[in-house]
Amino acid sequence: MTKLIQWQEIKNSRVILRLDLNVPIKDNAIESDFRISKSLPVIKELLKRNNQLIILSHLGRPSVEKREASLSLRIVCEHLSSMLDERIKFINLVTDNMAFDDYKIIMLENMRFYKGEVENDPELARIISTHGDVFVFDAFGVSHRRESSTIGLMNFLDYAAGPLVESEVNAAKSILEDPDKPLCTIISGAKISTKITLIETFSDKADYLILGGGLLNTYLYCKGFELGDSLIERDLQQDILNFFESENAKKIIMPIDFVCSSDVSLDNPKTKSISMVQSKDKVLDIGTKSIKRYAEIIKKSSTVFWNGPLGYVEKKPYGKGTESIINVLADSNCFSVIGGGDTVSVIESMGVENKISYISTGGGALLKYIEGKDMSIIKKLGL
Ligand code: ADP
Ligand code: MG
């Protein structure tokens, strides 16, 4: 039987360390090293205690057969090596020579290149486990995924939660359990169907609910507003319609104006009040009056939880609403927790990471945690 241990007590051991180094990569370059930098503390601390490390991570969603070169972890390995100023031995196959030689760190190729990883095949976990003495799980982003390199290894080695997983869980708990009121939750992004449970979870607790993007469009569309050619989910499940009719939906703060475009190229942005949107318009961001209204709500709040950008942030100037609200949060004293890949990249591009109380590395995992779903790994880790 394996048991739960404390990561701080591990010394002089071969540690198998599961991290989430699943960073965005474009044209062979790392777009954001946020997740890598969040993984440095556990690596440095474990090295200080004279441990040797075998680092595991996944990258994207490759196929086992194809082993797409664009999803190799090698570039991440090189980046991590330079951030740590420490050589790392990169290994393609777990059947290759796994000796440390004179290295302190080994990194395995993308875990999802290995057959059995996503199926949580015990044989893969067993083979990997033979190379280590203990297992440290510090990959919050996959804490909702039962795979060989996540929960599988816990059946073969004593295991510990790493410090990043601990702090992620603490941040989520502080939002869910007894947050300082008023609590404002901002839930936005593309599709409401992926976020309805999140909205429902918060709609009882929150004092103010701000929706944005496709979620807001869909809400207004159901309320009978003209939304033109905007991103709308028209085919809605009953639970979403029920929520729109519920008492809690009254907590939704109505926007005042939008930034729209009727060009195919999405150029020529025009600000319109929400009742002036026409059939050819696409709503792509909130307007300045809406920004002001949302800012006032945030300034009144003691706690803010935010997931999902408020506009089509991939194209200028439609990131303005999101950026303005980030600035409001950066200047405020409220306790703020922000998660979601796309939301976090905007914060990073603005360089205000340090002014936000907590930025989560876990997009989907954070949402699952808040929804109280698929958390068997977190439970096993005693968190
Ligand atoms: P996160 O990754 O932060 O959880 P999502 O993936 O749910 O966020 O949603 C982000 C996407 O939603 C972005 O690609 C953004 O462009 C899109 N989006 C937000 N508002 C709009 C809008 N008004 N029109 C079109 N796309 C939008
Ligand atoms: Mg996203």
Side-chain angles (χ1 to χ4, degrees), residues 20 22-24 26 31-32 34-35 60-61 140-141 144 168 172 185-199 201-202 210-221 225-234 240 255 257-267 269-272 274 277 280-287 290-291 294 304-326 329 336-350 353 356 358-371:
D20 176 9
N22 182 30
V23 293
K26 203 172 165 191
E31 283 190 304
S32 156
F34 179 58
R35 284 180 167 167
R61 295 168 189 264
F140 182 69
H144 58 315
E168 293 272 1
T185 54
I186 310 173
I187 303 177
S188 185
K191 290 173 88 178
I192 193 156
S193 52
T194 61
K195 298 191 179 176
I196 184 64
T197 319
L198 188 69
I199 296 174
T201 307
F202 276 115
I210 293 176
L211 300 183
L215 284 69
L216 178 60
N217 292 347
T218 304
Y219 172 68
L220 295 175
Y221 169 77
F225 282 86
E226 171 66 74
L227 267 297
D229 193 19
S230 306
L231 179 66
I232 295 173
E233 230 176 319
R234 288 167 207 270
I240 299 175
D257 54 354
F258 284 135
V259 182
C260 319
S261 171
S262 53
D263 283 19
V264 185
S265 61
L266 306 184
D267 290 324
K270 291 194 178 63
T271 301
K272 294 191 173 184
I274 66 167
V277 177
K280 285 193 176 146
D281 285 329
K282 273 191 167 65
V283 167
L284 295 162
D285 197 9
I286 49 170
S290 305
I291 294 173
Y294 292 174
V304 175
F305 170 78
W306 184 2
N307 172 272
L310 295 166
Y312 183 59
V313 286
E314 288 87 345
K315 186 168 163 70
K316 274 189 175 139
Y318 308 112
K320 190 181 162 218
T322 305
E323 287 162 16
S324 307
I325 298 300
I326 290 171
L329 279 172
S336 50
V337 174
I338 305 185
D342 294 290
T343 323
V344 172
S345 7
V346 182
I347 299 173
E348 276 199 283
S349 68
M350 295 168 66
E353 299 93 305
I356 305 294
Y358 196 83
I359 301 178
S360 176
T361 57
L366 176 68
L367 304 194
K368 291 281 183 200
Y369 184 86
I370 289 171
E371 292 169 2

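Just so you know, ligand 1 is whichever comes first in the structure, and atom 1 is the first atom listed for that ligand. Everything numeric here is computed off the predicted structure, so don't read it as measured data.
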Chemist: Could you enumerate the protein N, O or S atoms under 2.8 Å from the Mg ion (ligand 2), written like residue then atom name?
Modeler: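 Hits for the Mg ion (ligand 2) below 2.8 Å: Asp342 OD2.
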Chemist: For the OH atom of Tyr219 and the CG atom of Leu215, what is their distance to the nearest 0.5 Å?
Modeler: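 Going from OH on Tyr219 over to CG on Leu215, the span is 12.5 Å.
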Chemist: Check Leu231 against ligand 1 and report side chain, backbone, both or neither, counting heavy atoms closer than 4.0 Å.
Modeler: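 Side chain only.
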Chemist: If the condition is side-chain contact (heavy atoms from CB on, under 4.5 Å), which residues does Leu231 pass it with, not counting sequence neighbours?
Modeler: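 Per chain and number, Leu231 pairs via side-chain contact (heavy atoms from CB on, under 4.5 Å) with Ala190, Asn217.
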Chemist: For atom 19 (C) of ligand 1, find the nearest protein heavy atom and state the residue, atom name and distance (0.1 Å precision).
Modeler: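 Sorting protein heavy atoms by distance from atom 19 (C) of ligand 1 puts Gly311 O, 3.0 Å first.
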Chemist: Using modelled atom types only, decide if a donor and an acceptor are shared between the side chain of Glu353 and the backbone of Ile359 within a distance under 3.5 Å.
Modeler: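 No.
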Chemist: Is ligand 1 under 4.0 Å from a heavy atom in the side chain of Val283, in the backbone, in both, or in neither?
Modeler: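 The answer is the backbone.
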Chemist: Salt bridge or not between Asp267 and Lys315? Use side-chain N to carboxylate O under 4.0 Å.
Modeler: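 Result for this pair is yes, salt bridge flagged.
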Chemist: Starting from atom 13 (C) of ligand 1, find the nearest protein heavy-atom neighbour and note its residue, name and distance.
Modeler: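 Answer for atom 13 (C) of ligand 1: Glu314 OE2, 3.4 Å.
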Chemist: Tell me whether ligand 1 is touched by Gly363 - counting only heavy atoms on the residue side and a distance under 4.0 Å.
Modeler: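 In this structure, Gly363 fails to qualify as a contact of ligand 1 - no heavy atom is under 4.0 Å.
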Chemist: Name all residues meeting the side-chain hydrogen bond (donor to acceptor under 3.5 Å, both in side chains) criterion together with Lys272; count only those two or more places apart in sequence or in a different chain, and write none if there are none.
Modeler: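 Partners of Lys272 under the side-chain hydrogen bond (donor to acceptor under 3.5 Å, both in side chains) test: Gln278, Asp281.
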Chemist: In terms of residue, atom name and distance, what is the protein heavy atom nearest to atom 6 (O) of ligand 1?
Modeler: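 Residue, atom and distance for the closest contact: Asp342 OD2, 3.0 Å.
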Chemist: So among Ile274, Val277, Val283, which one has a side chain to side chain contact (heavy atoms under 4.5 Å, CB included) with Phe225?
Modeler: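 Running side chain to side chain contact (heavy atoms under 4.5 Å, CB included) over Ile274, Val277, Val283 with Phe225 returns exactly one hit, Ile274.
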Chemist: For Glu233, give me all partners under side-chain contact (heavy atoms from CB on, under 4.5 Å), at least two apart in sequence or on another chain.
Modeler: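 If we apply the side-chain contact (heavy atoms from CB on, under 4.5 Å) test to Glu233, skipping adjacent residues, the hits are Lys191, Ile192, Ser193, Thr218, Leu236.
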Chemist: If we set the cut-off at 4.0 Å for heavy atoms, which region of Pro309 has an atom near ligand 1: side chain, backbone, both, or neither?
Modeler: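 It is both parts that get close, each with some atom under 4.0 Å.
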Chemist: Applying a 4.0 Å heavy-atom criterion (strictly less than), which segment of Lys195 is in contact with ligand 1: side chain, backbone, both, or neither?
Modeler: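 The answer is the side chain.
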Chemist: Considering only non-hydrogen protein atoms, determine which one is nearest to atom 3 (O) of ligand 1 and report residue, atom name and distance to 0.1 Å.
Modeler: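 Sorting protein heavy atoms by distance from atom 3 (O) of ligand 1 puts Thr343 OG1, 2.6 Å first.
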